**Student:** 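Quick one: the structure is below, and I'll ask about it shortly.
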Amino acid sequence: GCMSDTPRHDPNDPVPDRLARLRAADLAERAAEVEKVRLLLDLADLWQVDEPASLDAVARLEGREKKVVGADGTTPVGEFLALEVGPLLGVTPYRAALQIADAVNLRDRHPHLWESVQQGALRMWQANHLTRACLHLPHAASLWVDRQLALAADAGLPWPRMRRLVTGLVVKADPALAEQRARSAAERRGVWSREFDDGHAQIGGSLAAADAAAFHETIEQIADDLMDEHDDTGAFIFTHRDTARAAAIGVLARSYDRQEPTQSPSRRTGRPRRRATLIVHVADENLASGEGVARVEGWGPELISRLPRLLAGCHVTVRPVVNPDHELPVDAYEIPERLRFAVHQRHPYDVFPFSGTPASSCDTDHTRPYDPGGPPGQTCYRNLAPLSRRAHRGKTHSRFTVEPLGGDRHLWTSRYGYRYLTTPSGARYLDPKGVDTVNCVIQALAYRAGNTVDLWVPRA
């Protein structure tokens, strides 16, 4: 007999059903992704700072809200939209601003790619990767790249090839600009490091070609020596070349620190060394037991058992935890360093909902605005909190308000009535019709009266 093209399977086999449901879930996810971008675009159009309907007249005339300048040819959006969108989506204001910018950039500078996303030929994250590669191009050049990429996407070009294609198209779209960017690349050289993860940190950078070659050669030479080292049992310490290379960077860094021959001539002349500050937070019970987790500012968590190696050769200063009861208020607007330090220990991050900006990079804000003619002691521990620059401007110049609730809690209310509770542990959205908001209002009233009321927040 002839063979049928119809696939045959056991009707009791659950796999076909799961595959069909997986496909349906993926299509639903793509549809929701597109709808989310469309709504962001609608909001961006409604929040244009140069449109009379976007902001009230007073805010526009006084210049309270800055125009977010995007790539050439994109819709100018006001900066405070990210403050409304971010908490609602549970992301930082920076991430919200990036999502808004990506949406506007895709629609206004890459309309063909936007159509490909809506038709399902591209995912949004893929389109963002392509459009971000073109941000520096003039509007006309971005439209040319857009047409070429959309043709490739619609033809089903695999993603790895699409990613390589955009690099060449960007150069071809504006060769003179590409040459100019190549000449200015030296100014963007640098080395970057990420937070600790399982006792390790990733390091990357962009170097001059000659420096990169010299660095590679030095690391290889040190790795050669490390690969020959044995432990007390005679076994090789390093059995993988990449592991030896990683250890070689530490050897290179420490030899420089100890002023051995690998360091530059200027360091060998006795020129004073710069001292770096590494702040490590350890609870007293963990410090006594030598177990548990410490927090290294700027790097992240680290096991206490690993601290001796981390701090080896360093000058260590032990500073006790700040007792807020001992931090006396002051009668001036200026914030003493001791008070600022105490506030940062209480709130290590921006107190705006879902923000992740470290307190050291924030403004220290008076939660209740400072009144020059008001009572003494307004600059106090309980009336100060770290705020990122965008959140600070939003609190000062938009209708985003904050109410201190005591116990290091803050109740934020957006101009459209959305409410969020923030604590040193994080943030959560409060249902406008739920008991959360009722409890927050009771807490705020009690705090104003000088009383203390425990805030009950039911778990979602």
Side-chain angles (χ1 to χ4, degrees), residues 26-51 53-55 65-150 152-154 159 162-163 166 169-170 352-356 388 390-391 394 398 400 414-416 418 429:
D26 181 68
L27 293 176
E29 182 181 19
R30 289 171 183 254
E33 189 176 71
V34 170
E35 179 63 15
K36 178 180 175 181
V37 175
R38 287 172 178 160
L39 291 171
L40 287 176
L41 289 171
D42 288 345
L43 288 169
D45 291 338
L46 293 170
W47 212 283
Q48 293 186 51
V49 293
D50 55 349
E51 290 291 333
S54 63
L55 292 172
E65 184 166 15
K66 295 180 180 179
K67 179 192 301 183
V68 177
V69 180
D72 182 36
T74 59
T75 301
V77 184
E79 63 177 323
F80 297 151
L81 177 57
L83 298 182
E84 285 284 347
V85 169
L88 206 58
L89 300 182
V91 300
T92 67
Y94 170 80
R95 181 60 58 183
L98 186 61
Q99 290 186 26
I100 296 167
D102 282 337
V104 172
N105 184 40
L106 177 62
R107 182 195 63 183
D108 295 350
R109 288 167 50 90
H110 301 272
H112 293 88
L113 283 181
W114 174 220
E115 184 63 28
S116 296
V117 170
Q118 295 180 86
Q119 296 300 323
L122 275 181
R123 296 300 296 265
M124 189 62 191
W125 66 267
Q126 294 171 325
N128 289 342
H129 179 92
L130 300 174
T131 58
R132 289 173 189 173
C134 305
L135 287 176
H136 63 283
L137 292 177
H139 189 200
S142 73
L143 292 174
W144 180 83
V145 174
D146 171 55
R147 288 191 292 272
Q148 313 310 312
L149 290 174
D154 294 339
W159 172 244
M162 285 282 291
R163 191 172 52 193
V166 69
L169 289 176
V170 167
F352 188 80
F354 301 102
S355 178
S388 62
R390 189 194 299 265
S398 77
F400 228 113
S414 79
R415 65 185 294 180
Y416 292 101
Y418 291 102
Y429 169 77

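Predicted, not measured: the structure shown is a model, and the values here were computed from it.
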**Student:** Return the minimal non-hydrogen interatomic distance between Gly356 and Thr92, and the atom names on each side.
**Tutor:**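 Reported closest heavy-atom pair: N-CG2, 3.5 Å.
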**Student:** For the residue pair Asp146 / His112, report whether a side-chain donor-acceptor contact shorter than 3.5 Å exists.
**Tutor:**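 Short answer, yes.
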**Student:** What pair of heavy atoms forms the shortest contact from Ala96 to Val91, and how long is it?
**Tutor:**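 In terms of heavy atoms, the two residues are closest at N-CG2, 4.0 Å.
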**Student:** Quick one, Lys36 with Leu89, criterion side-chain contact (heavy atoms from CB on, under 4.5 Å). Give me CA distance, side-chain angles, the key distance, then yes/no.
**Tutor:** CA-CA 11 Å; Lys36 178 180 175 181; Leu89 300 182; 3.9 Å; yes
**Student:** Mind checking whether Trp125 and Trp159 have parallel, tilted or perpendicular rings, split at 30° and 60°?
**Tutor:**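 Rings of Trp125 and Trp159: perpendicular, over 60°.
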**Student:** Val77 and Ala44: which non-hydrogen atoms are nearest, and at how many Å?
**Tutor:**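 Answer, listing the atom of Val77 first, then Ala44: CG2-CB, 3.8 Å.
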**Student:** Between Asp26 and Arg30 (salt bridge meaning N to carboxylate O under 4.0 Å), is one present in this structure?
**Tutor:**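 Yes, this pair counts.
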**Student:** Charged N to carboxylate O below 4.0 Å: is that the case for Arg390 and Glu79?
**Tutor:**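 Salt bridge absent between Arg390 and Glu79.
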**Student:** Which heavy atom of Asp108 sits nearest to which heavy atom of His139, and what is that distance?
**Tutor:**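 Of all heavy-atom pairs spanning Asp108 and His139, the closest is O-NE2, 3.1 Å.
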**Student:** Determine the minimum heavy-atom distance between Phe80 and Ser398, stating which atoms define it.
**Tutor:**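 Nearest pair, atom of Phe80 first, then Ser398: CD1-CB, 3.6 Å.
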**Student:** If I take atom CD from residue Gln118 and atom CD from residue Glu35, how far apart are they, to the nearest 0.5 angstrom?
**Tutor:**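 One gets 10.0 Å once the value is rounded to the nearest 0.5 Å.
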**Student:** Go through the steps for Leu169 and Trp144 under the test side-chain contact (heavy atoms from CB on, under 4.5 Å), then give the verdict.
**Tutor:** CA-CA 9 Å; Leu169 289 176; Trp144 180 83; 3.9 Å; yes
**Student:** Please name the pair of heavy atoms, one in Gly394 and one in Leu83, separated by the smallest distance, quoted to 0.1 Å.
**Tutor:**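 So the two residues come closest at CA-CD1, 3.5 Å.
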**Student:** State the CG-CH2 distance between Leu41 and Trp114, to the nearest 0.5 angstrom.
**Tutor:**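 Here the interatomic distance stands at 5.5 Å.
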**Student:** Report the distance from atom OG of Ser142 to atom CG of Leu113, rounding to the nearest 0.5 Å.
**Tutor:**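 Result: 10.0 Å between the selected atoms.
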**Student:** Do Arg109 side-chain atoms and Leu137 backbone N/O form a donor-acceptor pair below 3.5 Å?
**Tutor:**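 Yes, Arg109 side chain to Leu137 backbone: donor-acceptor pair under 3.5 Å.
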**Student:** Hey, does Trp47 have a side-chain heavy atom less than 4.5 Å from the side chain of Val85?
**Tutor:**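 No, too far: nothing below the 4.5 Å cut-off.
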**Student:** Is there side-chain contact between Pro87 and Phe352, with at least one heavy-atom pair below 4.5 Å?
**Tutor:**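 Pro87 reaches Phe352 side chain to side chain.
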**Student:** Just by distance, do the side chain of Glu84 and the backbone of Arg415 share a donor-acceptor pair under 3.5 Å?
**Tutor:**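 Indeed, once roles are kept as given, a pair shorter than 3.5 Å links the two residues.
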**Student:** How long is the straight-line distance from CD1 of Ile100 back to CG of Leu81, given to the nearest 0.5 Å?
**Tutor:**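 Answer for the CG-CD1 pair, Leu81 versus Ile100, is 3.5 Å.
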**Student:** Once you round to the nearest 0.5 Å, how far does CG of Asn105 lie from OG1 of Thr75?
**Tutor:**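 Rounded to the nearest 0.5 Å, the CG-OG1 separation comes to 10.5 Å.
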**Student:** Checking Leu130 against Leu122 for the side-chain contact (heavy atoms from CB on, under 4.5 Å) test, could you report, in this order, the C-alpha distance in whole Å, the side-chain angles of both residues, the deciding distance, and whether it holds?
**Tutor:** CA-CA 11 Å; Leu130 300 174; Leu122 275 181; 4.1 Å; yes
**Student:** Tell me whether Arg132 at atom CZ has more than 12 heavy atoms from other residues, nucleotides or ligands lying less than 6.0 Å away.
**Tutor:**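 Buried by this count: over 12 neighbours within 6.0 Å.
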**Student:** Decide side-chain contact (heavy atoms from CB on, under 4.5 Å) for Gln99 and Met124; before the verdict, give the C-alpha distance in whole Å, the side-chain angles of both, and the deciding distance to 0.1 Å.
**Tutor:** CA-CA 10 Å; Gln99 290 186 26; Met124 189 62 191; over 6 Å; no
**Student:** Any chance the side chains of Asp154 and Ser116 put a donor and an acceptor closer than 3.5 Å?
**Tutor:**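 Short answer, yes.
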**Student:** Can you tell me how far the CG atom of Leu46 sits from the CG atom of Asp42, to the nearest 0.5 Å?
**Tutor:**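 Leu46 CG to Asp42 CG: 6.5 Å, rounded to 0.5 Å.
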